[in-house]
Every structure is written in C-alpha cells, then in structure tokens.
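Positions are given from 1, in the same order as the sequence printed here.
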Amino acid sequence: MCSQRHLFLGTGCSNSSQGIRSSNIETEISASETISFDMENPNMEDFDLEPTGSEDVPKEEDVPIGETYFFEREDKISTMFYDLQIDGVTFTDAVGDVIADGEREFMVLDVAITPCGDELVFSMYAQEFLMVCFTGDFVNQDYEKLYPLEEGLEEGQLEDMWLATVGEEIKGKLVYDIPKDAFRNVLLVYDSYTTGYSNETVFGDGYMMTIPKENWSRETE
C-alpha cells in the first residue's frame, strides 16, 4: 500500500505542496462514555476522533474515515507511508532502572519500520503509535489511550523524533506503561495528510493490531 502521495500516518500530517512532513503530536483519540465498541469486530467509527490542541484540525463530523484494517501480532501493517512489523513483545515490571508502579507494567515492542513514498527524508515521531488498553467489565468505557514513553528508558528505544529515509529499515523499541489488568491491547494508527495548496486535512484508513498479553519473538514462533 505504499503510495507516491505525501501522506502522514498517525497524529500529524504532510504538506504535499511543500514536500515536508510535519507533526501535530497534540492530536489524540478521545474517549466517550457513550462509545459502543464491538470487541470481536472493532471499527474506527467506535472512537471519537475529535482532536485536541489544534483549531486547524477538523472535528469528528468533518473527518471522513476510510477502511479499517485489522491485524494480528504476526502480520505486517502496510500503510500509505511505511510498513510496520512487530519483531518481539515483552511484558516486564522494569525497564532500565525504572520499576513499574503497583498495578502497572511495561510493554516493550521491538519494531521494524520501512518508510516508502516519494519524500526521500522526513521526520517520524514515536507518538504516531497509539496503544489502546481495554480494562474492566465495560468495553465501551474502560480503556486507556497510551503513547510510548519518552526515550532514554531502554537500550535501543526509538527516539521521540527521528529522520526516516525511504527504503531504509529502522529497528527499535517502543515502551508503553500499561495497566496489568488489561485484557486486550490494540496498537492503533491511521493515515492523515494534507492536500494541495488548500492545506485541507484528510483522514484515510485506520490500522488496528491486537497484541496478545504474552512474551513473544518472531525468531522463535
């Protein structure tokens, strides 16, 4: 699904008229107490996509959402801007010198990211990769939306922002502080980009990957 268009996956956007990729990391998916979420057949429409932190980003009613694609941990996600593969998953009570609080634990994802498209070099951000952790008895209310923790906790951890080169595979770790009682963890990313000189933001397809709660490595599967 790699495209020659200037596209941005996650919380930011790319300006096709300038060929420069930028990020609005304040944008996030907001929870609503009225959400109805089908755990067997989740849909991007089950989330309130009203962004925060920027008046220039359209509200939910102005955001057309394309197809939603669902993946398992073993799959590779092919977005419109890069390919993403999970090479390993580790659940642990400590990363580096940091110990998780009480009923929390760390989820460490070993990821491989291969950029594609016609921008040779562009910026990428760890906060493009949102984790949704479902807890409790009410799936329409009880979940947390978590971004990766800031760099510097774990050896090999991806930086908060880095320069990506098209065709060059990037490997590193994403670290999340998640609730221990989460019964389902879902990695969520989606395409968004700006078009032409109007600087109009367009939201496209969404990608959801279930991360089972067990240590796993692609090398030993």
Working to the nearest 0.5 angstrom, can you tell me the gap between [X] [atom1] and [Y] [atom2]?
X: Leu187; Y: Leu130; atom1: CG; atom2: CG; result: 8.0 Å
X: Asp93; Y: Glu105; atom1: CG; atom2: CD; result: 6.5 Å
X: Phe129; Y: Ile77; atom1: CZ; atom2: CD1; result: 9.0 Å
X: Leu120; Y: Thr165; atom1: CG; atom2: OG1; result: 8.0 Å
X: Ile86; Y: Met209; atom1: CD1; atom2: CE; result: 5.5 Å
X: Leu84; Y: Lys76; atom1: CG; atom2: NZ; result: 10.5 Å

**Prompt:** Is a salt bridge present between Asp181 and Lys213, judged by a nitrogen-to-oxygen distance below 4.0 Å?
**Reply:** no

Between [X] and [Y], which heavy-atom pair has the shortest distance, and what is it?
X: Leu146; Y: Cys133; answer: CD1-SG, 3.8 Å
X: Gln127; Y: Pro148; answer: CA-CD, 4.3 Å
X: Thr79; Y: Tyr207; answer: CA-OH, 3.6 Å
X: Pro115; Y: Met124; answer: CG-SD, 4.5 Å
X: Phe91; Y: Asn185; answer: CE2-ND2, 4.2 Å
X: Tyr176; Y: Leu109; answer: CE1-CD1, 3.9 Å

If two hydrophobic side chains count as joined below 4.5 Å and joins carry through other members, does [X] share a cluster with [Y]?
X: Ile211; Y: Leu174; value: yes
X: Val189; Y: Val108; value: no
X: Val186; Y: Tyr147; value: yes

**Validation row: Asp177, Phe106 side chains within 4.5 angstrom (heavy atoms)** =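 They are in side-chain contact.
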
**Prompt:** Would you call Val89 and Met107 a side-chain contact if the rule is heavy atoms closer than 4.5 Å?
**Reply:**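 With C-beta onward as the side chain, the pair touches.
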
**Message:** Can a donor-acceptor pair be found, under 3.5 Å and without considering hydrogens, that links the side chain of Arg218 to the backbone of Glu74?
**Reply:**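 Pair found, side chain donor or acceptor close to backbone of Glu74.
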
**Message:** Keeping Arg184 on the side-chain end and Thr210 on the backbone end, is there a donor-acceptor pair under 3.5 Å?
**Reply:** no

**Prompt:** Would you find more than 12 non-hydrogen atoms of other residues, nucleotides or ligands less than 6.0 Å from Glu214 atom CD?
**Reply:** yes

**Request:** Return the orientation label for the Phe134 and Phe183 ring planes: parallel under 30°, perpendicular over 60°, tilted otherwise.
**Result:** tilted

Using a 3.5 Å cut-off and no angle test, enumerate the donor-acceptor pairs between side-chain atoms of residues 156-163 and protein atoms at least two apart in sequence or in another chain.
{"residue": "Gln157", "atom": "OE1", "partner": "Gly152", "partner atom": "N", "Å": "3.4"}
{"residue": "Gln157", "atom": "OE1", "partner": "Leu153", "partner atom": "N", "Å": "3.0"}
{"residue": "Gln157", "atom": "OE1", "partner": "Glu154", "partner atom": "N", "Å": "3.1"}
{"residue": "Gln157", "atom": "NE2", "partner": "Leu149", "partner atom": "O", "Å": "3.0"}
{"residue": "Gln157", "atom": "NE2", "partner": "Glu150", "partner atom": "O", "Å": "2.9"}
{"residue": "Asp160", "atom": "OD1", "partner": "Glu151", "partner atom": "N", "Å": "3.0"}

**Prompt:** With no hydrogens and no angle check, do the side chains of Thr90 and Asn215 hold a donor and an acceptor under 3.5 Å apart?
**Reply:** no

